[in-house]
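Notes follow the structure.
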There are 2 protein chains.
Amino acid sequence: MRPKNLEKEEAIRTIALQIIAEEGLENLSMQKLAKAANVSPRTIYIKYENKEDLLIKLFIEEVLGAYEKAVLEKFTPDMDFTKGVKKLWQNTFQYLKNNRHSFVLLQYGKSSPLLNKAFQQANIQQGHFFAPIHQFLELNAAKGIIKIFPQDVYRALLFSPVLDLVKEYFDYQERPKQIITEKIVSECCDAVIKGILK
Amino acid sequence: MRPKNLEKEEAIRTIALQIIAEEGLENLSMQKLAKAANVSPRTIYIKYENKEDLLIKLFIEEVLGAYEKAVLEKFTPDMDFTKGVKKLWQNTFQYLKNNRHSFVLLQYGKSSPLLNKAFQQANIQQGHFFAPIHQFLELNAAKGIIKIFPQDVYRALLFSPVLDLVKEYFDYQERPKQIITEKIVSECCDAVIKGILK
DNA sequence: TTGATAAGTAAATAAACATTTACTTACTTT
DNA sequence: AAAGTAAGTAAATGTTTATTTACTTATCAA
């Protein structure tokens with residue numbers, strides 16, 4: 001049996017993310033992707049059932065999976081609260097600023113009903129994303145270190161700002177304004193931490 | 001001369017937002033829209049040059065414009081800092097939770113390169129969106145009431161969490177978790193304010 | 001009332017779309 | 001080295017797409 005050419009598989013994923021980042025999810029077509037990845041349309045259908053399947057796997061596995069791994073690098077739920085949050089912010093900013101293509105699809109995950117639904121299903125079926133962060137927050141809430149909120153609210157309070165900062169970091173390249181540096185990210189993180197501590 | 005039928009114009013915009021919210025921007029087509037709005041495809045092209053023009057006008061005028069107006073309701077830049085931020089959060093949550101269709105396209109504005117570019121251009125050409133908020137923050141920074149950050153960073157810190165809370169409010173309807181109430185929104189707002197005060 | 005005119009329609013156009021068919025290739029197993 | 005097989009290709013499928021053409025309608029100004 002002829003074995004799979006892993007380079008082709010990777011090209012499909014990489015080029016798909018690139019097209020989405022540059023032209024938008026609205027403008028990704030199977031034929032355009034095949035041509036750009038130097039592959040026959042049929043080849044895409046070996047690995048993916050259809051276009052929706054491709055998008056969902058790209059989003060869940062390629063983007064969310066890798067993003068989660070990068071964010072949780074050197075993080076443990078039993079860390080000191082301030083140190084833990086700072087580490088998570090650092091990891092997030094570092095990873096996303098070096099992976100703009102992933103960042104764009106990640107943002108689409110908050111808009112597109114297809115990806116949104118896929119995320120919720122994956123979250124239930126294959127275990128929750130960012131589970132160690134949940135644990136971390138529960139632990140610190142129980143210890144009385146931070147204010148009590150529903151789990152999902154912590155994410156809004158603690159982590160949505162850093163995603164916005166990444167977006168501003170990329171926007172910088174397109175219009176003149178102050179660049180987002182690691183120092184600014186760190187100072188923002190301090191402000192967020194101050195707000196959530198009891 | 002036969003006058004424009006304003007009902008048709010509004011139907012086009014309303015149904016477009018509805019399709020985007022339910023099926024995604026990826027799945028909005030001019031023919032689908034025409035059919036759903038009970039209008040000939042040609043009628044859409046009277047008001048809009050092409051599909052991109054429709055999307056941009058929908059985003060900038062219908063969504064961003066109305067959103068800005070609602071958020072700034074009863075807000076003035078010389079308000080007390082805490083009162084001002086609380087008012088902005090209240091307005092945001094109230095308006096968006098009652099306008100889910102607008103919220104979805106608003107979120108697409110952070111993903112789609114087309115809408116993103118359109119936003120940046122509109123921001124420059126027709127004056128900055130949310131200018132009173134800029135003023136408000138500058139004033140409070142000058143008075144030494146809040147920490148000093150670049151203007152765009154304030155938005156990330158102060159306002160991205162409330163958009164995330166709106167998203168969670170809508171997600172509630174699809175999977176069981178704690179509902180986002182006005183009380184929780186208000187408590188989150190307090191935390192954010194605490195973090196940014198000097 | 002009528003003539004001008006932009007709003008509106010239904011149907012058509014050509015291009016692009018997702019997916020499949022029919023075939024070839026390259027590798028493993030025997 | 002030959003057979004078997006999944007990976008891979010090029011070209012075709014029928015559908016849907018954005019947009020236009022050719023025509024009709026409704027209103028206003030004269």
Side-chain angles (χ1 to χ4, degrees), chain A residues 1-62 105 108 112-115 117-118, chain B residues 1-62 105 108 112-115 117-118:
Chain A
M1 172 181 108
R2 182 175 174 177
K4 278 190 191 180
N5 185 338
L6 294 176
E7 276 169 40
K8 278 176 204 285
E9 264 186 36
E10 207 194 307
I12 290 168
R13 291 183 172 228
T14 308
I15 303 276
L17 285 183
Q18 190 183 321
I19 293 174
I20 291 167
E22 277 159 18
E23 305 177 39
L25 192 53
E26 317 86 85
N27 295 308
L28 176 75
S29 87
M30 298 301 259
Q31 290 182 126
K32 191 191 274 182
L33 171 57
K35 202 167 205 174
N38 223 340
V39 133
S40 157
R42 188 71 185 79
T43 304
I44 304 175
Y45 287 89
I46 292 170
K47 190 84 206 291
Y48 307 99
E49 215 180 299
N50 51 38
K51 194 184 176 185
E52 289 204 349
D53 185 46
L54 165 68
L55 291 176
I56 289 171
K57 289 200 171 123
L58 213 56
F59 177 60
I60 300 288
E61 291 165 19
E62 188 84 359
L105 188 53
Y108 268 110
S112 156
L114 173 73
L115 300 181
K117 198 172 294 173
Chain B
M1 172 180 108
R2 182 175 173 180
K4 279 190 191 181
N5 184 337
L6 294 176
E7 275 170 40
K8 279 178 204 284
E9 266 186 36
E10 207 195 308
I12 290 168
R13 293 185 170 227
T14 307
I15 304 275
L17 286 183
Q18 190 183 320
I19 293 175
I20 291 167
E22 277 160 17
E23 304 178 39
L25 192 53
E26 317 86 85
N27 296 308
L28 176 75
S29 86
M30 298 300 260
Q31 290 181 130
K32 192 191 274 183
L33 170 57
K35 201 166 205 174
N38 224 340
V39 133
S40 157
R42 188 73 185 77
T43 304
I44 303 174
Y45 287 89
I46 292 170
K47 190 84 204 289
Y48 307 100
E49 214 181 299
N50 50 38
K51 195 184 175 184
E52 289 204 351
D53 185 46
L54 164 68
L55 290 176
I56 289 171
K57 288 197 171 126
L58 211 56
F59 177 60
I60 300 288
E61 292 164 19
E62 187 84 359
L105 189 53
Y108 267 110
S112 155
L114 173 73
L115 301 182
K117 198 172 293 172

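Below, each value reflects all heavy atoms present in this structure, side chains not excepted, and no hydrogens, waters or symmetry copies. As the structure is a computational prediction, the values presented were derived from the model and not from experiment.
Atom P of nucleotide D:dT17 and atom CD of B:E52 are separated by 17 Å, given to the nearest angstrom. Summarising the geometry, the separation between CD on A:E10 and P on D:dA7 is reported as 18 Å, rounded to the nearest angstrom. One atom, NZ of B:K47, and another, C1' of C:dA6, lie 15 Å apart when rounded to the nearest Å. If you measure from atom CE of B:M30 to atom C1' of D:dT20, you get 12 Å, rounded to the nearest angstrom. To the nearest angstrom, P of C:dA12 lies 13 Å from CD of B:Q31. Note: CD (B:E26) to P (D:dT16) measures 18 Å, nearest angstrom. Computed from coordinates, the A:I12 CD1 to D:dA7 P distance equals 12 Å when rounded to whole Å. Between the OH atom of A:Y48 and the P atom of D:dA7 there is a distance of 14 Å, rounded to whole Å.
Not one N or O on the side chain of A:K47 forms a donor-acceptor pair closer than 3.5 Å with the backbone of A:L54. Put simply, the side chain of A:S112 never gets that close to the backbone of A:Y108: no donor and acceptor are under 3.5 Å apart. Judged purely by atom type and a 3.5 angstrom limit, B:Y45 has no side-chain atom pairing as donor or acceptor with the backbone of B:N50.
Summarising the geometry, atom CD1 belonging to A:I15 is positioned 12.0 Å from atom CD1 belonging to A:I20; distances are rounded to the nearest 0.5 Å. The line from NZ of B:K51 to CD1 of B:I44 is 10.5 Å long, rounded to the nearest 0.5 Å. The distance from atom CG of A:L114 to atom CD of A:E52, rounded to the nearest 0.5 Å, is 4.5 Å.
In terms of heavy atoms, A:K57 sits closest to A:R13 at O-NH1, 4.4 Å.
The base of D:dA7 lies outside donor-acceptor range of the side chain of A:T43, with no N or O pair under 3.5 Å.
Of the candidate nucleotides C:dA18, D:dT9, C:dT9, C:dA18 has the atom lying nearest to any side-chain atom of A:S29.
Residue-to-nucleotide proximity on DNA chain D shows that, of A:V39 and B:Y45, the 5′-proximal contact is made by A:V39. When each of B:P41 and B:N5 is assigned the nucleotide of DNA chain C with its nearest heavy atom, B:N5 is the one assigned upstream, toward the 5' end.
The phosphate of D:dT9 has OP1 or OP2 within less than 4.0 Å of a side-chain N or O from A:K8.
Residue contacts for B:L54: at a heavy-atom cut-off of 4.0 Å it reaches no nucleic acid atom on any strand shown.
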Protein and nucleotides 21-25 of chain D: nitrogen or oxygen contacts under 3.5 angstrom:
{"from": "D:dT25", "atom 1": "O2", "to": "B:R2", "atom 2": "NH1", "distance (Å)": "3.0"}

